[in-house]
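Reading through the structure tokens given below for one structure.
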Amino acid sequence: MAEDPPLSKQELLASKLAQEIAKKGDEIPEKYLSKDCFPEAIEAPDLWKHDLLIDCSLLTSSSAAPELAKLRSALSQWGCFQVINHGIESSFLEELIQVSKQFFELPLEEKLKCSAPDEKVQGYGSDSVLFGTRTPNWNDRLFLSLHPMEKLKLQCWPQKPEKFREMIDEYSKKLTALNKVICEAMATSLEYKEDCFLTKGKQGPAIARFNYYPRCSCPERVLGSKPHSDGTTITYLLPEKEVEGLQILKDDQWYKVSVIPGALFINFGDFGEVKTNGVFKSAVHRVATNSVKDRISVAMFFIPDDHEEVGPLSGLISAHQPQVYNKFNISDYWRVFRESFKLGSRPLDAFQV
Ligand SMILES: O=C(O)CCC(=O)C(=O)O
Ligand SMILES: [Fe+2]
């Protein structure tokens, strides 16, 4: 009997795309199903209205102290918050979500143009191709390096929708400016040098990740994204207004993140936790699926330079707060990160003193 010809790289990728699998019908392939149902998350609307809501306009005002104290408390206890009055117009954010949605609605052949065969990390695809996870996330993504210029892989940038490139360029500029304000406020709240979260006071590498989570007929056993912390200093997340899904973990309890129209969700990442010697937490989060609506989000990751050595800031080590993490190179971190992703473990555990 004649054997089937081997799949090309593009066909292999297409076979692992959640959106393509979802198109075939409601049944979720066995390998996406976890053995057990996930621990439930609770609603916490008051949390997002008060303790974890930061008004950016107050952070730089002459009476910033109470808002800075709130920021410090949010990051020390939860590792995340939502920010309002950040200066980016809601209409712009909504358009960015629409343009991202239009990208994922394009025919498969058009999207596959953004998955350069020699480039596994950047571009359109699925993390399961890169990491070979056993229970893949119910998620497709477009991953694009935005800064520095030498990391840009223009062959992975969508030509369609037409506005995509212009929008992402604009968003990157706006978030870079916001990131400076937030990073300086975080440093001030710790009574530390203003530029300690920036790379030598300059803009460090920035990466955008467009997430697409198809609706899923078995949300109790399928996650859009398994629990993880981000390999970033700080992450800015723009969720779709109508569809919730993001959840955060604190003291073994999962909490739903309420979507606040016009706000951005900000979480601290692993490099941030190390730099603050554990004073600020890298938030563990996951994304739930739902059986009603597809979901889009746009994440922007700010990370240290490739050649940077990351370790606790000396002023944050004391008799009261002994050193929690060893110094490490970014490349060592990514090696551990890849392994941890497969195992569902926390990369930072490998760097504890
Ligand atoms: O889609 C979300 O709400 C979260 C995405 C996320 O955690 C990530 O891209 O790292
Ligand atoms: Fe994340």
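Atoms within a ligand are numbered from 1 in the order they appear, just like the ligands themselves. Small disclaimer: the values here were computed from a predicted structure and weren't measured.
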Any side-chain donor near an acceptor of the partner, Q19 and K111, under 3.5 Å: yes
Parallel, tilted or perpendicular: rings of F210 and F164 (30°, 60°): tilted
Whether Y212 and F104 hold their rings parallel, tilted or perpendicular, with breakpoints at 30° and 60°: parallel
Among the N, O or S atoms of H228, the one nearest the Fe ion (ligand 2): NE2
ring-ring contact (aromatic ring centres under 6.0 Å, His included) against Y32, all qualifying residues, sequence neighbours excluded: W138
Donor-acceptor contact below 3.5 Å, side chain R221 vs main chain S34: yes
Distance-only side-chain donor-acceptor flag, D270 / Y333, under 3.5 Å: yes
Minimum-distance N/O/S atom that D230 presents toward the Fe ion (ligand 2): OD1
pair N179-I234: side-chain heavy atoms closer than 4.5 Å: yes
Filter the ligand 1-protein atom pairs down to N or O on both sides and distance under 3.5 Å, then list them.
from, atom 1, to, atom 2, distance (Å)
ligand 1, 1 (O), Y213, OH, 2.7
ligand 1, 1 (O), R295, NH1, 3.0
ligand 1, 1 (O), S297, OG, 2.7
ligand 1, 3 (O), R295, NH1, 3.2
ligand 1, 3 (O), R295, NH2, 2.8
ligand 1, 7 (O), H228, NE2, 3.2
ligand 1, 7 (O), H285, NE2, 3.0
ligand 1, 9 (O), N211, ND2, 3.1
ligand 1, 10 (O), H228, NE2, 3.3
ligand 1, 10 (O), D230, OD1, 3.3

